[in-house]
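Contents: one structure, followed by commentary.
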Amino acid sequence: MSPEPFGARLRRAMDARGPLCVGIDPHASLLADWGLNDDVAGLARFTRTVVEALGEQVAVLKPQVAFFERFGSRGIAVLETAVEEARERGALILMDAKRGDIGSTMSAYAEAFLHPDSPLFADALTVSPYLGYGSLAPAVELARRSGAGLFVLGLTSNPEGAEVQRAVREDGRTVAATVLGHLAAENAGAVPLGSFGAVIGATLGDLSAFDLAINGPLLAPGIGAQGATPADLPTVFGASAGNVVPSVSRGVLKHGPDADALRAAAARCAGEVRAALA
């Protein structure tokens with residue numbers, strides 16, 4: 001039997017738990033704010049606290065891989081444990097690694113995060129298409145076989161992204177529009193939601209010039225510390241707002257290390273998102 005596709009599992013999780021993704025971003029400054037040392041022990045304590053507090057509450061937990069990699073193999077071991085414990089609590093795991101390469105190297109990245117036998121196997125992975133969308137083929141193929149998903153960088157919230165993403169191709173389409181078109185093709189016919197999403201910054205304002213109707217999820221970072229609010233989502237995403245997965249990190253994590261405060265902050269944010277999208 002084929003595994004249930006990520007898009008179907010994501011739709012069910014968002015309907016049941018609310019449309020919210022909380023990042024696990026153990027910045028050195030955030031560890032200090034929590035009274036933790038900037039070492040593996042502090043990383044492990046921080047990560048375990050977030051997973052235990054939110055793993056049974058939010059739809060998606062999104063570890064930022066870089067903050068674990070900086071501690072080498074011991075940091076990756078913490079990440080492996082977090083993936084296992086989050087899955088036990090019912091949260092979907094979106095690995096924020098933004099991998100992108102070609103050929104066998106892209107295949108290896110895919111196997112690290114999208115193969116069911118990997119200790120880092122995640123429900124979905126962020127990837128970069130800027131070596132050409134076709135370079136993502138190994139990740140797309142393995143995601144389909146394993147029931148996982150991808151979130152492809154589309155229109156990101158960092159100002160530098162525009163010089164690539166909004167560049168106009170010879171056919172008159174922007175690079176971002178081309179990426180979105182590929183994702184719409186990947187998701188064609190999927191019910192209730194495709195498994196191949198785009199990363200679209202919540203800070204970007206009116207995006208009506210772009211067709212966001214890709215029949216897949218739209219990961220929306222930028223709420224909170226970067227300046228966007230849930231009230232901005234209808235303006236940014238228009239008719240596709242129902243497929244948005246708003247992503248919040250510091251806006252929730254700053255309330256730790258108290259578990260009840262973390263849960264209250266996440267519930268508050270999810271309620272604000274639901275009200276904005278209603």
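Under the side-chain contact (heavy atoms from CB on, under 4.5 Å) rule, Leu114 has a single partner from Leu142, Val140, Asp123, which is Leu142.
Between Ile76 and Leu120 there is a side-chain heavy-atom pair separated by less than 4.5 Å. Counting only heavy atoms from C-beta outward, the side chains of Leu61 and Leu94 never approach each other to under 4.5 Å. At least one side-chain heavy atom of Ile93 sits less than 4.5 Å from a side-chain heavy atom of Pro63. Annotation: side chain of Val51 is in contact with side chain of Ile24 (closest heavy-atom distance under 4.5 Å). Within the 4.5 Å cutoff, the side chain of Leu92 has no heavy atoms near those of the Arg87 side chain. Annotation: side chain of Leu193 is in contact with side chain of Asn243 (closest heavy-atom distance under 4.5 Å).
Dense packing is recorded around CZ of Arg274, with more than 12 heavy atoms of other residues, nucleotides or ligands lying under 6.0 Å away. The local environment of CZ in Arg45 is sparse, with at most 12 non-hydrogen atoms from other residues, nucleotides or ligands closer than 6.0 Å.
Identified under the ring pair (Phe, Tyr, Trp, His ring centres under 6.0 Å) test for residues 174-209, with sequence neighbours left out: Tyr133-His182. Pairs engaging residues 136-154 under the salt bridge (charged side-chain N to carboxylate O under 4.0 Å, His left out) rule: Arg144-Glu186 [sequence neighbours left out].
The main-chain N or O of Pro5 is never found under 3.5 Å from a side-chain atom of Ser195 such that the two would form a donor-acceptor pair. Under a 3.5 Å cut-off, the side chain of Ser247 and the backbone N or O of Pro221 do not form any donor-acceptor pair. Under a 3.5 Å cut-off, the side chain of Arg9 and the backbone N or O of Gly7 do not form any donor-acceptor pair. Judged by distance alone, the side chain of Asp232 and the main-chain N or O of Thr229 form a donor-acceptor pair under 3.5 Å. Side-chain atoms of Asn187 do not come within 3.5 Å of backbone N or O of Ala190 as any donor-acceptor pair.
When the side-chain hydrogen bond (donor to acceptor under 3.5 Å, both in side chains) test is applied to Asn215, no partner is found at least two apart in sequence or on another chain. Shown here are the salt bridge (charged side-chain N to carboxylate O under 4.0 Å, His left out) partners of Glu52, two or more places apart in sequence or in another chain: there are none. Judged as a salt bridge (charged side-chain N to carboxylate O under 4.0 Å, His left out), and not counting sequence neighbours, the contacts of Asp96 are Lys62, Lys98.
The two residues Leu54 and Ala266 make their nearest non-hydrogen contact at CD2-CB, 3.8 Å. For the pair Leu253 and Trp34, the tightest heavy-atom approach, listed with the atom from each and the gap, is O-NE1, 3.0 Å. Here the closest heavy-atom approach between residue Pro19 and residue Val244 is recorded as CB-O, 4.0 Å. Residues Pro234 and Ala276 share a closest heavy-atom pair of CG-O, 3.3 Å.
The closest side-chain donor-acceptor pair between Thr156 and Gln165 falls under 3.5 angstrom. No hydrogens or angles considered: nothing links the side chains of Arg169 and Thr174 as a donor-acceptor pair under 3.5 Å.
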Leu204 and Leu207: CA distance, side-chain angles, deciding distance, side chain to side chain contact (heavy atoms under 4.5 Å, CB included) verdict: CA-CA 7 Å; Leu204 296 178; Leu207 291 178; 4.0 Å; yes
Candidate pair Thr126 and Met95, rule side chain to side chain contact (heavy atoms under 4.5 Å, CB included), full reasoning: CA-CA 6 Å; Thr126 59; Met95 205 68 81; over 6 Å; no
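When hydrophobic side chains of Ile, Leu, Val, Met, Phe, Trp and Tyr are connected at separations under 4.5 Å, Leu131 ends up clustered with Ile102.
Between Phe67 and His27, a ring centre-to-centre spacing shorter than 6.0 Å is recorded.
Ion pairing between a basic and an acidic side chain is recognised when a charged N comes within 4.0 Å of a carboxylate O; Lys254 and Asp33 show no such pairing. Ion pair Arg70/Asp38 flagged as a salt bridge, since at least one NZ, NE, NH1 or NH2 atom sits closer than 4.0 Å to an Asp/Glu carboxylate oxygen. Using a cut-off of 4.0 Å between Lys/Arg side-chain N and Asp/Glu carboxylate O, Asp15 and Arg12 are scored as not salt-bridged.
Rounding to the nearest 0.5 Å gives a distance of 8.5 Å between CZ of Arg17 and CD of Gln57.
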